[in-house]
Amino acid sequence: MAMDKVFAKLVQFKNNVLVELQEATDFNFVIKSLLTDYLNKVEDLDSSCSLKIQAVLDYMYELANSGKWVDVKLYVRKTITIASYLKLLIHLYVSEGSVDDIWKELFKIIDHGILFGCPLKQEPRLLQKCASIIHSLMPRNDIIKVHMPEEGVKESINDVRNLQLIGILNCPDMETFYKDYIMQEKPVVLENCIDHWPAIEKWKDQNYFLKLAGMRTVAIELGRDYTNTEWTQKLMTIEEFIKNHIFNSNGPIGYLAQYQLFDHIPELKQDIFEPEYCCFSDTNEPVDINAWYGPQGTLSPLHYDSKRNLLAQVVGKKQIFLFSPKDTDYLYPYEDTLLHNTAQVDPRRPNFEKFPKYKEARPYYCTLSPGQMLYIPPKWWHCVESLSLSFSVSFWWE
């Protein structure tokens, strides 16, 4: 009965998806005809239809992975979204196996569609809505909980020379923040600004993520950091990530880094609020919100971003080194085009023989604790290391 209810809820989006297809001018004609035909008779589809939809998806994935992601044609990503929606509907009818496996497969279809597809004009949050409907209707079986061990916090500062502590400000008014920090392009730690976030309490228990999103598939970074040759990314469920990387020190470090988790799983966005300080923007573009979730030891090497950044610490602690853009020449940025905004120097353990000019740099430092936010001005270099299990949220804007 639960599957029938899910299907009845999901099929309500069919007409909007059909309108999207009818208005599309760049779709492959054969594929467009197939998708349109299947959507018009969606209640009568069978396993043979599922095979053809999978063939469409395989072809689109091949096109999407044949070059740079930024060069992937929009019609490819739209086709993936629509085909994923159809595959979802068919799977509800023809799937076999345990009920638990069926639910897992439904979320896998959705998440691959979100990761490789794109929003549709007629139904921009199509797959996210499908996921919310499924989550609300699936049986609440007992969830295997993870044990929450006591975890130490370890700071690692080998070079305290000229170390300048970043100031802490108690929930400043908007005018003060704008005049003294936005305009002056000066970093500062803000406290008592996000105490009202539900996430501050909810996210302490990793079982919360298992219950809400354990079956969801996300992209996890594996390896020391992105400058390492062995660094890679892997798709896995949040349940696999928590059990194999959050509480398991064997193998490579896993990090859910710079990930648009709150677009992927909107339910989590209800636990946070966009800080009012982000309103000081030079454009009408929305604020980029990213999640940073991982065990002790995750590292973002010294780099800079072109946007303003408020880094909110929700769980655990992070140590952060910052440097003014004026110190760029002392930090030895990589010459590689892809890493031009990343420095070779590790401010935690600087090699003065290899990087002698680093002695001229002036490091700023803070330990960011739960409930605090760090304002990082544009193009300020920063190196961020988790001192414990950590969950941070970054807000980027121009």
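What you see is a predicted model, and the numbers here were worked out from it, not measured in a lab.
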Item to complete: Step by step, work out the side-chain contact (heavy atoms from CB on, under 4.5 Å) result for E276 and M174.
Response: CA-CA 8 Å; E276 292 183 350; M174 301 290 281; 3.9 Å; yes
Worksheet item: Hey, mind stepping through E20 and K78 against salt bridge (Lys or Arg N to Asp or Glu O under 4.0 Å) and telling me if it holds?
Response: CA-CA 9 Å; E20 186 87 24; K78 282 189 176 181; 3.3 Å; yes
Practice prompt. List the steps and the verdict of side chain to side chain donor-acceptor pair (under 3.5 Å) for N16 and E123.
Written response: CA-CA 6 Å; N16 281 343; E123 198 65 68; 2.8 Å; yes
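In the hydrophobic clustering of this structure, W396 does not group with V393; members are Ile, Leu, Val, Met, Phe, Trp, Tyr whose side-chain heavy atoms approach within less than 4.5 Å, directly or through other members. Hydrophobic clustering of Ile, Leu, Val, Met, Phe, Trp and Tyr side chains at less than 4.5 Å, counting indirect connections, keeps Y332 apart from L322. Side-chain heavy atoms closer than 4.5 Å link hydrophobic residues (I, L, V, M, F, W, Y) into clusters, and following such links, possibly through other members, connects L115 to I82. The hydrophobic clustering, which links ILVMFWY residues whose side-chain heavy atoms are closer than 4.5 Å, places F116 and V17 together. Under a hydrophobic clustering in which Ile, Leu, Val, Met, Phe, Trp and Tyr are joined whenever their side-chain heavy atoms come within less than 4.5 Å, directly or via other members, Y38 and L126 fall into the same cluster.
Minimum heavy-atom separation, K317 to S388: N-OG, 3.1 Å. Contact record, F262 with A291: CE1-CB, 4.0 Å, taken as the closest heavy-atom pair. Among all heavy-atom pairs drawn from D271 and K202, the shortest one is OD1-NZ, 3.3 Å. For the pair T237 and M215, the tightest heavy-atom approach, listed with the atom from each and the gap, is CG2-O, 3.8 Å. F273 and Q270 make their closest contact through CZ-O, 4.5 Å (heavy atoms, listed as atom of the first residue, atom of the second, distance). Between S84 and I109 the shortest heavy-atom distance is O-CG2, 3.4 Å.
Counted within 6.0 Å of NZ on K108, heavy atoms from surrounding residues, nucleotides or ligands total 12 or fewer; the atom is thus considered open. Within 6.0 Å of NZ in K307 there are more than 12 heavy atoms belonging to other residues, nucleotides or ligands. Crowding of Y59 atom OH: a count of heavy atoms from other residues, nucleotides or ligands under 6.0 Å not exceeding 12. For M183, the CE atom counts as loosely surrounded, since its 6.0 Å shell holds 12 or fewer non-hydrogen atoms of other residues, nucleotides or ligands. With a 6.0 Å radius and a threshold of 12 heavy atoms from other residues, nucleotides or ligands, Q54 has its CD atom above the threshold. The 12-atom threshold is not exceeded at CD of E335, counting heavy atoms of other residues, nucleotides or ligands nearer than 6.0 Å. Heavy-atom contacts from other residues, nucleotides or ligands closer than 6.0 Å to CD of E175 number 12 or fewer. Surrounding NZ of K9 are at most 12 heavy atoms belonging to other residues, nucleotides or ligands under 6.0 Å away.
With respect to the salt-bridge test (charged N to carboxylate O, under 4.0 angstrom), the residues E398 and R308 do not qualify. In this structure, R348 pairs ionically with D346, as a charged nitrogen and a carboxylate oxygen lie closer than 4.0 Å. Under a 4.0 Å N-O distance rule, the pair K357/D329 does not qualify as a salt bridge. Checked for salt-bridge contact, D205 and K211 miss the test: no charged N lies under 4.0 Å from a carboxylate O. Between K243 and E240 there is no salt bridge, since none of the side-chain N atoms of the basic residue sits less than 4.0 Å from a carboxylate O of the acidic one.
Between F352 and Y358, the ring planes lie tilted relative to each other; the angle falls in the 30° to 60° range. Taking the six-membered ring where the residue is Trp, Y304 and H340 present perpendicular rings, their angle passing 60° and hence far from 30°.
Between L169 and E191, the closest side-chain pair of non-hydrogen atoms is not below 4.5 Å. Using a 4.5 Å heavy-atom threshold, the side chains of S386 and P295 count as separate. By the 4.5 Å heavy-atom criterion applied to side chains, L74 and C118 are counted as neighbours. Within the 4.5 Å cutoff, the side chain of N170 has no heavy atoms near those of the C193 side chain. The closest side-chain heavy-atom distance from P333 to T342 is not below 4.5 Å. In this structure, K73 and V76 have side chains that are in contact, with non-hydrogen atoms separated by less than 4.5 Å. Side chains of Q313 and L374 form no contact here, defined as non-hydrogen atoms less than 4.5 Å apart. Q233 places none of its side-chain heavy atoms less than 4.5 Å from the side chain of L222.
Between H382 and F321, the distance separating the two ring centers is not shorter than 6.0 angstrom.
Within the cation-pi definition used here (under 6.0 Å to the ring centroid, within 45° of the axis), K129 does not qualify as a partner of F13.
D111 places a side-chain N or O within 3.5 Å of a backbone atom of T217 that can act as its donor or acceptor partner.
Evaluated for a ring-ring contact (aromatic ring centres under 6.0 Å, His included) with Y293, the options Y255, F241, Y259 yield exactly one hit, F241. Just one of W292, Y208, F209 meets the ring-ring contact (aromatic ring centres under 6.0 Å, His included) condition when paired with F391; it is F209. For the ring-ring contact (aromatic ring centres under 6.0 Å, His included) criterion with Y375, the lone passing option out of F395, F177, Y277 is F177.
The line from CG of L310 to SG of C278 is 5.0 Å long, rounded to the nearest 0.5 Å.
Between the side chains of S324 and W380, no donor N or O sits under 3.5 Å from an acceptor N or O.
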